[in-house]
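Shown next, in structure tokens, is the structure this report addresses.
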Amino acid sequence: MLDLKRIQENKEKVKELLLRKGYEADFDTILELDIERKKIISEVEQYKAKRNKVSAEIPKLKKEGKPVDGIFQDMRELGDKIAECDEKAKSCEKQIFDLLSVMPNIPDEDLLAGEKENNAVIREVGKKPEFDFEMKNHVDLCTNLGIIDYQRGTKLSGGGYWLYRGDGARLEWALLNFFITEHLKDGYEFILPPHQLGYNCGFGAGQFPKFSDEVYWLDCDEDRTKNRFMLPTAETALVNMYAGEIIDESKLPMKFFAYTPCYRKEAGSYRAEERGMIRGHQFNKVEMVQYAHPEKSMEAFNELVDKAASLIEKLGLHFRVSKLAAGDCSASMARTYDIEVWIPSMGIYKEVSSVSNANDYQARRNNTKYRDSKTGKPAYLHTLNGSGLATSRVFPAIIEQYQNADGSIRVPDVLVPFMGGQTVIK
RNA sequence: GGAAAAGUAUCGAAGUGGUCAUAACGAGCCGCACUCGAAAUGCGGUUGUCGAGUUUUCGGCACAUGGGUUCGAAUCCCAUCUUUUCCGCCA
């Protein structure tokens with residue numbers, strides 16, 4: 001949710017920044033509605049003040065035995081006026097709210113305008129592995145080893161689902177355990193949230209109302225605000241934990257991570273060209289979230305980027321870090337860096353982590369505040385999130401980058417302890 | 001899923017149509033006094049939000065949420081949510 005005050009004070013600047021995201025904002029309607037709203041409120045408050053004053057006198061008059069019928073008549077009329085104004089003010093507020101609800105976050109000023117083509121690689125780690133044999137893709141490797149069962153996954157649930165089997169399930173679990181262990185070392189609190197969330201969580205995270213078709217809905221109420229959905233990322237849960245609360249400043253930053261599967265419809269996506277486990281309807285992910293003081297949120301952001309990168313680095317995978325152009329950041333985010341791992345068979349880098357700073361956008365939507373020690377007043381805090389990491393992209397990268405000539409897979413050193421000492425999958 | 005009870009500030013809790021909503025009473029927290037210091041005691045302060053002025057301020061709204069009745073609702077009525085207890089089901 002954007003700050004109406006910031007729009008009032010810097011209309012053109014905000015407009016320009018949003019345009020970098022490819023979003024053409026119309027603020028005039030909203031600003032007019034706000035003026036109208038204030039006018040009505042000023043008016044109705046005078047009526048209400050009068051009603052309160054008169055109401056307080058009625059018991060006294062009654063005690064003195066004075067007639068009050070005439071006053072009741074006047075008050076009834078005043079009551080009607082109040083109801084009418086309240087109605088109008090509410091309508092203005094609702095319109096303003098609805099307009100603001102669908103506006104994306106303002107990108108940070110240093111972001112370039114445009115889409116993917118303007119993303120900038122800011123860091124590259126390791127080298128593309130070279131093979132002195134004919135390299136295979138992860139789908140063939142996994143199928144031959146029997147560690148991923150695509151066919152039976154499809155049999156159970158349709159396209160975009162697979163089964164992890166045997167050493168495959170073990171490798172997946174080892175990855176998750178490795179991530180969890182690393183985050184615990186860094187002092188993050190481990191959370192296992194519900195996978196089914198209420199509408200308000202989707203709204204708070206900024207996914208709804210605009211992207212409510214991208215998740216799986218439970219229940220059948222026609223009114224989606226009454227239904228629950230399967231979370232598309234643990235961020236949706238973590239970022240709403242403190243909705244409506246005022247957090248003591250001394251508790252910031254608060255650092256969490258959660259493991260959940262992520263459920264996504266991925267309707268109309270690139271399924272055809274993305275075989276295997278690159279894009280599924282259900283994948284495992286460990287997600288990191290920080291609640292930060294606004295002045296410290298860049299610091300938190302850098303920490304999250306470094307954490308995500310260090311996980312891949314420890315796995316010994318070749319990857320790069322990209323700073324996304326404004327238009328490639330998701331709607332809720334002011335700034336995003338992607339960590340992309342090399343998938344040899346595809347000849348491209350694929351996102352394994354997306355680290356973002358929402359600034360106060362999510363906090364405004366779900367009303368999460370901290371008490372500022374300087375002013376003593378509550379203020380919106382900043383929320384940040386980053387995958388740490390999504391296994392479904394790391395897994396194929398490991399399979400492909402660690403493949404041997406005979407089709408077996410060497411287990412990355414850091415995972416060996418989590419695989420019970422096993423060093424090769426064959 | 002069924003039944004009953006409950007939801008008021010940081011916590012416990014009183015208020016059951018107007019005079020007791022910033023909200024009694026108790027505790028916590030902050031400041032001051034007493035003290036060499038602490039404890040104890042005493043005094044004062046301690047919600048959020050919106051609007052108008054912006055140096056002191058004034059006013060509206062909020063008693064789980066949303067409606068309704070009324071000149072007037074924490075209080076009466078309806079719906080929803082949550083919690084607790086009991087019953088049912090269950091890993």
Side-chain angles (χ1 to χ4, degrees), chain A residues 1-9 30-100 192-204 218-229 237 240-252 254 360 363-381:
Chain A
M1 195 82 78
L2 300 187
D3 179 7
L4 200 53
K5 251 194 207 126
R6 185 165 168 197
I7 296 174
Q8 275 159 351
E9 285 160 13
I30 256 184
L31 293 176
E32 277 164 31
L33 279 164
D34 188 53
I35 291 168
E36 176 73 5
R37 173 185 142 264
K38 284 181 181 165
K39 212 179 91 189
I40 297 166
I41 286 176
S42 292
E43 189 186 340
V44 76
E45 280 184 359
Q46 285 177 28
Y47 297 152
K48 284 182 179 171
K50 187 178 173 197
R51 177 170 73 183
N52 290 343
K53 211 172 147 200
V54 173
S55 284
E57 282 164 7
I58 285 176
K60 286 181 214 154
L61 293 176
K62 271 193 176 170
K63 233 182 203 170
E64 293 165 16
K66 289 184 182 161
V68 287
D69 289 356
I71 297 176
F72 283 178
Q73 182 57 39
D74 291 350
M75 286 294 100
R76 203 172 290 134
E77 280 164 25
L78 190 62
D80 290 345
K81 261 201 247 177
I82 289 172
E84 199 185 308
C85 287
D86 274 346
E87 193 91 353
K88 275 195 228 161
K90 217 190 247 178
S91 155
C92 282
E93 265 159 33
K94 168 95 167 69
Q95 289 179 64
I96 292 170
F97 183 83
D98 287 348
L99 287 169
L100 279 178
L192 291 173
H195 299 179
Q196 307 166 3
L197 302 175
Y199 179 90
N200 55 316
C201 290
F203 183 87
L218 303 155
D219 311 317
C220 309
D221 199 298
E222 271 182 42
D223 179 2
R224 270 188 174 165
T225 62
K226 291 182 180 153
N227 291 347
R228 283 162 306 146
F229 62 98
N240 283 292
M241 280 169 64
Y242 290 87
E245 298 188 35
I246 299 168
I247 297 159
D248 202 276
E249 191 184 84
S250 64
K251 295 223 171 75
L252 300 179
M254 297 198 294
D360 62 1
R364 280 179 186 280
R365 292 176 84 88
N366 66 17
N367 194 23
T368 309
K369 298 185 168 182
Y370 72 101
R371 191 173 297 280
D372 191 272
S373 58
K374 282 185 206 138
T375 62
K377 289 280 161 199
Y380 293 108
L381 45 70

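Residue numbering restarts at 1 for every chain, and letters A, B, ... go by the order of the sequence lines.
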Candidates B:rG60, B:rG18, B:rG51 - which lies nearest the side chain of A:S55: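 Looking only at heavy atoms from C-beta outward on A:S55, the closest nucleotide is B:rG18.
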
By nearest atom, which of the nucleotides B:rC50, B:rG48, B:rG60 is closest to the A:I41 side chain?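 Nearest to the side-chain atoms of A:I41, counting from C-beta on, is B:rC50.
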
Could you measure between the two [atom1] atoms, the one in [N] and the one in [M], and give it in whole Å?
| N | M | atom1 | result |
| --- | --- | --- | --- |
| B:rG88 | B:rA3 | P | 15 Å |
| B:rA62 | B:rA4 | P | 30 Å |
| B:rA39 | B:rG28 | P | 12 Å |
| B:rC76 | B:rA40 | P | 41 Å |
| B:rU75 | B:rG67 | P | 14 Å |
| B:rC29 | B:rA5 | C1' | 33 Å |
| B:rC34 | B:rC50 | P | 42 Å |
| B:rU47 | B:rA38 | P | 27 Å |

Protein N or O to nucleotides 64-70 of chain B N or O, pairs below 3.5 Å:
unit_1, atom_1, unit_2, atom_2, d
B:rG67, OP1, A:K90, NZ, 2.5

Short N-O contact, [X] and [Y], less than 4.0 angstrom:
| X | Y | result |
| --- | --- | --- |
| A:K369 | A:E245 | no |
| A:D86 | A:K90 | no |
| A:D248 | A:R371 | no |

Under 6.0 Å between the ring centres of A:F229 and A:F203?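 So the answer is no for these two rings.
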
For [X], answer base if it contacts any base atom (sugar-phosphate contacts may also be present), sugar-phosphate if it contacts only those atoms, and nothing otherwise; contact means non-hydrogen atoms under 4.0 Å.
| X | result |
| --- | --- |
| A:N52 | sugar-phosphate |
| A:I71 | nothing |
| A:K50 | nothing |

Check for me whether A:R228 meets the cation-pi criterion with A:Y199, that is, NZ or CZ under 6.0 Å from the six-membered ring centre and within 45 degrees of the ring axis.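 Pair A:R228/A:Y199 does not count as cation-pi.
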
B:rU49, OP1 or OP2 - any side-chain N/O from A:K369 closer than 4.0 Å?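 Yes, because at least one side-chain N or O of A:K369 sits under 4.0 Å from OP1 or OP2 of B:rU49.
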
Give a yes/no answer on whether the side chain of A:R51 brings an N or O atom under 4.0 Å of OP1 or OP2 in B:rG60.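 So the side chain of A:R51 is outside the cut-off, no N or O lying under 4.0 Å from OP1 or OP2 of B:rG60.
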
Would you tell me whether A:E87 and A:S91 have side-chain atoms, one donor and one acceptor, within less than 3.5 Å of each other?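 Distance-only check fails for A:E87 and A:S91.
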
Any donor-acceptor pair under 3.5 Å linking the side-chain atoms of A:Q8 with those of A:D34?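 Short answer, yes.
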
Given RNA chain B, 5'-ward residue of the pair A:K53 and A:Y380, judged by closest heavy atom: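 On the 5' side of the pair lies A:Y380.
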
I want to confirm an ordering. Mapping A:A49 and A:R371 to their closest nucleotides on RNA chain B, which one lands closer to the 5' end?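 Whichever sits nearer the 5' end wins; that is A:R371.
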
Using whole Å, report how far [atom1] of [X] lies from [atom2] of [N].
| X | N | atom1 | atom2 | result |
| --- | --- | --- | --- | --- |
| A:E45 | B:rU49 | CD | P | 16 Å |
| A:M75 | B:rA73 | CE | P | 13 Å |
| A:I247 | B:rU10 | CD1 | P | 15 Å |
| A:F97 | B:rC50 | CZ | C1' | 16 Å |
| A:K377 | B:rU46 | NZ | P | 11 Å |
| A:E77 | B:rC71 | CD | P | 12 Å |
| A:K38 | B:rU49 | NZ | P | 16 Å |
| A:I58 | B:rG72 | CD1 | P | 9 Å |

A:Q95 CD to A:E36 CD distance, which is reported to the nearest 0.5 Å: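 Answer for the CD-CD pair, A:Q95 versus A:E36, is 9.5 Å.
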
Spacing of A:I58 atom CD1 and A:F72 atom CZ [to the nearest 0.5 Å]: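 Spacing of CD1 (A:I58) from CZ (A:F72) equals 4.5 Å.
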
Watson-Crick or G-U stems of RNA chain B, 3 or more pairs, under 3.5 Å, by first number: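 Consecutive-pair runs (3 or more) involving RNA chain B: B:1-7 with B:81-87, B:10-12 with B:25-27, B:28-33 with B:41-46, B:47-52 with B:57-62, B:64-68 with B:76-80.
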
Applying the side-chain contact (heavy atoms from CB on, under 4.5 Å) test to A:Y47, which of A:R51, A:E43, A:K50 qualifies?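 Of the listed residues A:R51, A:E43, A:K50, the side-chain contact (heavy atoms from CB on, under 4.5 Å) partner of A:Y47 is A:E43.
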
Considering only heavy atoms from C-beta outward, does the side chain of A:L218 approach that of A:N227 to under 4.5 Å?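 Not touching, per the 4.5 Å side-chain cut-off.
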
